Trainee: 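Questions regarding the structure given below will be posed in turn.
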There are 2 protein chains.
Amino acid sequence: MRVRLEDVARATGVSPKTVSRVLNEESSVKESTRQKVLAAMESMNYRPSPAARGLAGSRSFLVAMLYDNNDNPASTYLAEIQDGVLDACDAHRFSMMACPLRMRGKDFIRRVDALVHDHHIEGVIVTPPLTDHAPLLQRLRELGVPHASISPQHRQGAIGVCMDEQQAAKALVTHLIEQGHRRIGHILGIANHGASRWRLAGYKDALTAAGLPVDPQYILQGEFSFGSGVLAARQLFDLPEHPTAIFAANDDMAAGVMWAANERGLKVPRDLSVCGFDDTPLATQLWPPLTTVRQPSREMGKLAALQLMDHLRGRGHGLLVQVPYTLQLRESTAKAP
Amino acid sequence: MRVRLEDVARATGVSPKTVSRVLNEESSVKESTRQKVLAAMESMNYRPSPAARGLAGSRSFLVAMLYDNNDNPASTYLAEIQDGVLDACDAHRFSMMACPLRMRGKDFIRRVDALVHDHHIEGVIVTPPLTDHAPLLQRLRELGVPHASISPQHRQGAIGVCMDEQQAAKALVTHLIEQGHRRIGHILGIANHGASRWRLAGYKDALTAAGLPVDPQYILQGEFSFGSGVLAARQLFDLPEHPTAIFAANDDMAAGVMWAANERGLKVPRDLSVCGFDDTPLATQLWPPLTTVRQPSREMGKLAALQLMDHLRGRGHGLLVQVPYTLQLRESTAKAP
DNA sequence: ACGCAAATTGACAGCGCTGTCATTTCTGTC
DNA sequence: GACAGAAATGACAGCGCTGTCAATTTGCGT
């Protein structure tokens, strides 16, 4: 009923083991044999059984994408990454399992153990903020499961993909300065997230490079959410000399800033320039459209998955590739009033 | 190295087969034996190997979530559904694979075949607009793979979850009418999507119930995207007697309407009331916040998955459960000018 | 043509579980 | 207390593939 490896072997006149070798792209198969087998597989529409492969060998052709759905950055971000990962997996005949994790208690590690143990997961894609969760990385190492990270903070020896967020933030704030802004507010993301750090660092770099002071009262804590953007913006507006521009560490908070500005009767960009980071769909759905930095999440997911699979296949050592950012200058920023 | 079923059997003093029976919750096991085995499993921290179970038996404890990532409704919608599905799977020791499908050509069906064949997928969660893709459903039937649908159009005998979108839309538009609006525009979603039909039907119902005419010039085609909302809104504004309220078939298009209103210098809600549908995060990130209908996507994903798994376990026949909607009246709607 | 190392290929067991069917142990009944 | 029939358990093969290691073929130098 099902075409088995043995059937292919019989049809080709070789042993099952040889077919297995072809299937697994082992090198010790004569090219002519390989071609014959490949042809037979094709014509018989043979599809190996992952269950059998998993049982017999060690491989499972399964990778897992780990994400934190509690301390969750915008869901579109993760959705795009997932899409990219699936895309790459597809191309390499891997399958992916999505695994939401809650970074709380020991249960967290248990889930990872269970996942790896039960499904023979071969590798893992780790997304922020899990990328720097020491116990997780530690456990993965113990389990011998390679992982590729997306935007990890510790890049030493990491494999995966990253972007120069600091440079991007600096470019963005520099743009504001060039527009004549001198009092520029910044709303931080969740503490300890790499994104928060890099974006703050870039903000400071830009100010310093322009000879402007870094004034702590213009830097407020946020947590990447729309609501936290609103709250922080209100505080900034309450300052005696309120900023003429605000750089929020992500688009959601920038949207919050614009919301708060509306509330105060401040017109964007006439009275206030606003910019964010990530270029989520939201950015172009706001009025006015938001100046931000495009982060190619989908592409990043794909690249990370490719790095991981290359590594698993033993080809290449697995690298941390860097993707370029793009400034998206839109109408939410303008010359200083 | 790994605790196997056999180990548990030895520890309990029964045959492997009996342990297997306990594992699979078969009924013909004496209660006292069952308890002993269960206790041993627990204390030995036994975890069955999905690969072996898949190979030997027919079960895989895997369900797939199928979605169309081309004709994609807002990604947050799918992300929330996925979260709900994963939640339910987790509770029933099932695993889930996310499967983006492109509804084009024969390749589409091939992918489904491959999925079911390769991974022994036991059941499928189908999301709109795949819920009414005849060839897909047909194939699933042929393959003998049960599926649960989320908001299917053909509810006859379907299992899954739905919401009375027509009633919800009617309630929403009725609210507009009560606010004094007489010229109410509607922007349609993608043709043939259930969501588009129901929301239009509800819109008409409300008008008719209030004795108002259904004027075709106020009903424009959209495609659920922000951009299509902008385009449709512009056309509505160009009408000699433009509407004082617009009901867009989803939040993204409603955001587009608000964008276009800004462009025209129309003040929402003073000059124009706008409402959407779905209550995506976007709804509260707009200024003013959007009046819409809350659709509990996460919950729906969870319920659909539960229905599917109940069905797979042979418990219950699998039902089409209906979830309640909630009107979210916010500041984007007000009395007619 | 002969010998030897390297390159290919194959035989066979077994991965951890479940299906099938046989066997044993209970029930309740007369 | 013996017996039919149901309830509970077990023996055994095998799911489709790969690891190990042995067997065979090939290529090449002399």
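Here is how names work: the chains are called A, B, and so on, in the same order as the sequence lines, proteins then strands, and each is numbered from 1. The model shown is predicted, which means the values in this text are computed figures rather than measured ones.
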Trainee: Closest to the B/Thr18 side chain: D/dC17, D/dG10, D/dT18?
Mentor: D/dG10

Trainee: Under the side chain to side chain contact (heavy atoms under 4.5 Å, CB included) test against B/Leu137, which residue among B/Arg139, B/Arg141, B/His133 passes?
Mentor: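 Result for side chain to side chain contact (heavy atoms under 4.5 Å, CB included) with B/Leu137: B/Arg141.
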
Trainee: Does A/Arg59 make a cation-pi contact with A/Phe61 (under 6.0 Å, within 45 degrees of the axis)?
Mentor: yes

Trainee: Over how many whole Å does the gap from A/Leu5 atom CG to D/dG14 atom P extend?
Mentor: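 Answer to the nearest Å: 18 Å.
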
Trainee: Could you work out which one of C/dG16, D/dT18, D/dG10 sits closest to the side chain of B/Val14?
Mentor: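 Shortest atom-to-atom distance from the side chain points to D/dG10.
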
Trainee: Of all the choices, C/dT9, D/dT9, C/dG16, which nucleotide is nearest to the side chain of A/Thr33 once you look at every atom?
Mentor: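 Among C/dT9, D/dT9, C/dG16, the one nearest the side chain of A/Thr33 is C/dT9.
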
Trainee: How far does CE of A/Met300 sit from OG of A/Ser149, to the nearest 0.5 angstrom?
Mentor: 11.0 Å

Trainee: DNA chain D: B/Ala56 or B/Val29, which has the more 5' nearest nucleotide?
Mentor: B/Val29

Trainee: Does a side chain donor of either B/Ser60 or B/His119 reach within less than 3.5 Å of an acceptor in the other side chain?
Mentor: no

Trainee: What is the separation between atom NE2 on A/His119 and atom P on C/dG16, rounded to the nearest whole Å?
Mentor: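 Going from A/His119 (NE2) to C/dG16 (P), I get 16 Å.
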
Trainee: Could you tell me the separation between the CG atom of B/Leu55 and the P atom of D/dC15, rounded to a whole number of Å?
Mentor: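 Going from CG in B/Leu55 over to P in D/dC15 covers 9 Å.
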
Trainee: Counting heavy atoms from C-beta on, name the nucleotide in D/dT9, C/dT18, D/dC17 closest to the side chain of B/Ser20.
Mentor: C/dT18

Trainee: Report, as yes or no, whether the 6.0 Å neighbourhood of atom CZ on A/Arg93 holds more than 12 heavy atoms from other residues, nucleotides or ligands.
Mentor: no

Trainee: Let's see if you can work this out: which of C/dT18, D/dT9, C/dT9 has an atom nearest to the side-chain heavy atoms of B/Ser28?
Mentor: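 Of C/dT18, D/dT9, C/dT9, D/dT9 is nearest to the side chain of B/Ser28.
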
Trainee: Is A/Lys17 touching bases, backbone alone, or none of the nucleic acid, heavy atoms closer than 4.0 Å?
Mentor: base

Trainee: Please state how far atom CZ in B/Arg47 lies from atom C1' in C/dC17, giving the value in whole angstrom units.
Mentor: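 After rounding, the reported distance stands at 16 Å.
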
Trainee: Is any side-chain N or O of B/Arg21 under 3.5 Å from a base N or O of C/dG19, one able to act as donor and the other as acceptor?
Mentor: no

Trainee: To the nearest angstrom, how far is A/Arg10 atom CZ from D/dC17 atom C1'?
Mentor: 15 Å

Trainee: Check the phosphate of C/dG16 against B/Ser49, side-chain N and O only, distance under 4.0 Å to OP1 or OP2. Yes or no?
Mentor: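 Indeed not, no polar side-chain atom of B/Ser49 lies that close.
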
Trainee: Checking all strands, does A/Pro48 fall into the base, sugar-phosphate, or nothing category for heavy-atom contacts under 4.0 angstrom?
Mentor: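 Sugar-phosphate: the residue A/Pro48, judged by heavy atoms under 4.0 Å, touches backbone atoms but no base.
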
Trainee: Looking only at side-chain atoms of A/Lys30, point me to the closest of C/dC15, D/dT9, C/dT8.
Mentor: C/dT8

Trainee: Rounded to whole Å, how long is the line connecting atom CD of B/Glu31 with atom P of D/dA8?
Mentor: 10 Å

Trainee: For A/His117 and C/dC15, give me the distance from atom NE2 to atom C1', rounded to whole Å.
Mentor: 13 Å

Trainee: Can you measure B/Arg53 atom CZ to C/dG16 atom C1' for me and round it to whole angstrom units?
Mentor: 11 Å

Trainee: Judged by each residue's nearest nucleotide on DNA chain C, which is more toward the 5′ side, A/Ser15 or B/Arg59?
Mentor: A/Ser15

